[in-house]
Amino acid sequence: MNTTPHRVEHQQTDRGYVPIYTTATVEQPWADYTPTEHEVWATLFRRQREVLKGRACNEFLENQERFGMSPDAIPKFQDLNKVLKAGTNWEIVGVEGLLPDEIFFDHLANRRFPVTWWIRKPEQLDYLSEPDLFHDLFGHVPMLLNPVFADYVQAYGRGGVKAHKLGADALMNLTRLYWYTVEFGLIDTPEGVRIYGSGIVSSKGESIHCLESDSPNRIGFDLERIMRTQYKIDTYQQTYFVIDSFQQLMDATQPDFTPIYARLVQEDSFPAGAVQPGDRVIHRGSGEGWVKTDEM
Ligand code: PHE
Ligand code: CO
C-alpha cells in the first residue's frame with residue numbers, strides 16, 4: 001500500500017469533545033516519519049525508561065528490552081512482530097485511531113493488537129486525549145510477551161465479542177475491567193507495588209502519582225468491585241486496583257460473566273474514588289485534588 005494513512009483524532013466542537021472512530025488497518029508509513037516525530041519518540045522513550053526503574057514491574061521492563069526498542073528511532077512494526085510472533089504468537093496491526101468496540105474485540109480475540117501509526121506532537125508530551133503510537137507501542141506491546149497476560153488479553157477480546165451482543169450494560173462492566181487492569185493496573189511484588197498498566201507506563205506524571213501520591217486509593221483486586229466502579233478519563237485515577245499475580249487475573253476472569261452481568265444490572269455503580277465496605281485497602285486515598293463532580 002502506498003497511500004499515506006490518515007491521522008484520525010477527536011474533534012472539538014461546540015458540543016465539546018467528540019471521539020472519532022475508524023475501522024481500517026494500515027501499513028506503518030515508517031519512511032514518512034519526520035525527524036521531529038523520531039525526536040518525540042526519543043524524548044518520551046528516554047524519559048519513561050528512567051521514570052519506570054523501580055516503578056514498573058519486571059515483566060514490563062524485561063519484555064520491553066526483549067523487543068530491542070531504543071530511543072534511536074520509532075520502532076518498525078515489522079521488527080517488533082518478529083519478536084512478538086515468536087514469543088506469544090501475537091502480532092501488531094497498524095490503525096489510524098480509535099476502533100469501534102466490536103472491531104477492537106475481534107482483533108484481540110485473534111491475537112492482533114491494534115497500534116496507532118501516528119505519534120503525538122511535541123507540545124503533547126505530557127498529555128493527549130487518545131491513544132497514539134507511544135502509548136500503544138511503548139505501553140501495551142511489552143506485556144503481550146508475557147504468556148499469561150497475552151492469554152488474558154485474548155480472553156478479554158473474546159469476552160468483549162460476547163458482551164457486545166449482550167448489550168450496553170455488559171459492555172460497560174467489561175470495559176471497566178480493561179480500564180482498571182490493562183490500562184491502569186498495579187501488581188504487588190516481593191519488591192513492592194509496581195505498575196503494569198499501559199495507561200500509567202506511558203505517562204510520566206501518573207507513573208509517579210499512582211505509587212507515591214497520598215491522594216488515590218490502592219485497593220486489592222476484586223472482579224465484581226471493579227466491574228461496578230466508574231472511572232475518570234481526563235484526570236489521574238482516583239482508585240487503582242492491585243493484583244497479586246497475572247495468574248490471579250487470569251483465574252478470576254475464567255468464569256462465564258453472563259450471570260455476573262445479569263446480577264450487576266440490579267446494582268448501583270460506585271463513584272471512582274469511593275472506598276467500599278469489604279475492600280482490601282492497601283492505601284486509603286486522601287482525595288486531595290479531586291474535583292467534586294461525582295454528585296453532579
Ligand atoms: N470470562 C469472561 C466472559 O465469560 C471473558 C473474559 C476473560 C473477560 C478474560 C475478561 C478477561 O465473558
Ligand atoms: Co491503551
Side-chain angles (χ1 to χ4, degrees), residues 10 19 21 44 48 60 90 92-95 97-99 101-120 127-144 146-185 195-203 206-207 210 221-228 231-234 237 241 243 245-265:
H10 74 274
Y21 295 89
L44 288 170
Q48 283 312 97
F60 176 85
W90 270 78
I92 294 166
V93 294
V95 295
L98 287 176
L99 299 174
D101 289 329
E102 62 272 42
I103 294 179
F104 180 62
F105 294 141
D106 181 67
H107 281 305
L108 300 185
N110 290 288
R111 295 177 95 85
R112 294 187 302 263
F113 199 86
V115 172
T116 308
W117 73 265
W118 54 267
I119 195 160
R120 67 192 71 183
Y127 182 77
L128 77 169
S129 52
E130 61 228 308
D132 73 332
L133 176 138
F134 185 75
H135 168 77
D136 289 337
L137 261 198
F138 183 97
H140 282 285
V141 171
M143 287 306 298
L144 295 173
N146 178 274
V148 177
F149 198 80
D151 288 348
Y152 170 70
V153 179
Q154 177 178 33
Y156 174 85
R158 290 178 172 153
V161 172
K162 190 170 76 182
H164 187 258
K165 289 181 191 134
L166 289 172
D169 290 314
L171 207 52
M172 182 180 64
N173 294 145
L174 189 70
T175 304
R176 289 171 177 165
L177 177 64
Y178 189 86
W179 190 265
Y180 282 117
T181 61
V182 175
E183 294 291 357
F184 291 96
I195 305 163
Y196 71 91
S198 310
I200 307 177
V201 293
S202 57
S203 158
E206 192 144 9
S207 291
C210 72
F221 174 87
D222 177 323
L223 179 70
E224 290 191 34
R225 163 69 159 98
I226 289 178
M227 290 170 88
R228 291 178 66 178
Y231 58 82
K232 302 281 168 187
I233 61 165
D234 54 2
Q237 299 310 303
F241 291 94
I243 59 172
S245 67
F246 296 113
Q247 196 58 50
Q248 177 196 27
L249 195 54
M250 195 62 193
D251 293 347
T253 52
Q254 281 310 291
D256 182 5
F257 285 4
T258 311
I260 304 180
Y261 296 140
R263 183 155 15 97
L264 293 185
V265 186

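Just so you know, ligand 1 is whichever comes first in the structure, and atom 1 is the first atom listed for that ligand. Note that the coordinates shown come from a computational prediction; the quantities given were computed from them, not determined experimentally. Computed over heavy atoms, backbone and side chain alike; hydrogens, waters and symmetry mates excluded. Throughout, numbering of the chain's residues begins at 1 and tracks the sequence.
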Side chains of His140 and Glu183 only: does a donor on one sit below 3.5 Å from an acceptor on the other? yes
Is it the case that the side chains of Asp132 and Thr116 hold a donor-acceptor pair, with the cut-off being a distance below 3.5 Å and no angle test? no
Between the Co ion (ligand 2) and His135, which N, O or S atom of the residue is the nearest one? NE2
Once side chain to side chain contact (heavy atoms under 4.5 Å, CB included) is applied, do any residues pair with Pro147, and if so which ones, sequence neighbours excluded? none
Name all residues meeting the side chain to side chain contact (heavy atoms under 4.5 Å, CB included) criterion together with Asp151; count only those two or more places apart in sequence or in a different chain, and write none if there are none. Arg111, Met250
Taking the Co ion (ligand 2) as the reference point, name the nearest N/O/S atom of His140. NE2
Run the side chain to side chain donor-acceptor pair (under 3.5 Å) test on Thr181 and Tyr152 for me, step by step, so that the C-alpha distance in whole Å, both residues' side-chain angles and the decisive distance to 0.1 Å come before the verdict. CA-CA 10 Å; Thr181 61; Tyr152 170 70; 2.9 Å; yes
Could you pull out all donor-acceptor pairs under 3.5 Å where a side-chain atom in residues 163-172 meets a protein atom, sequence neighbours excluded?
| residue | atom | partner | partner atom | Å |
| --- | --- | --- | --- | --- |
| His164 | NE2 | Glu102 | OE1 | 3.4 |

When you check ligand 1 against the protein, what N or O pairs turn up below 3.5 Å? List the atom names and distances, or just say none.
| residue | atom | partner | partner atom | Å |
| --- | --- | --- | --- | --- |
| ligand 1 | 1 (N) | Thr253 | O | 2.6 |
| ligand 1 | 1 (N) | Pro255 | O | 2.7 |
| ligand 1 | 4 (O) | Lys162 | NZ | 2.5 |
| ligand 1 | 4 (O) | Phe257 | N | 2.9 |
| ligand 1 | 12 (O) | Lys162 | NZ | 3.2 |

Metal site the Co ion (ligand 2): N/O/S of Glu183 inside 2.8 Å: yes
Can you classify the ring geometry of Phe246 versus Tyr196 as parallel (below 30°), tilted (30 to 60°) or perpendicular (above 60°)? perpendicular
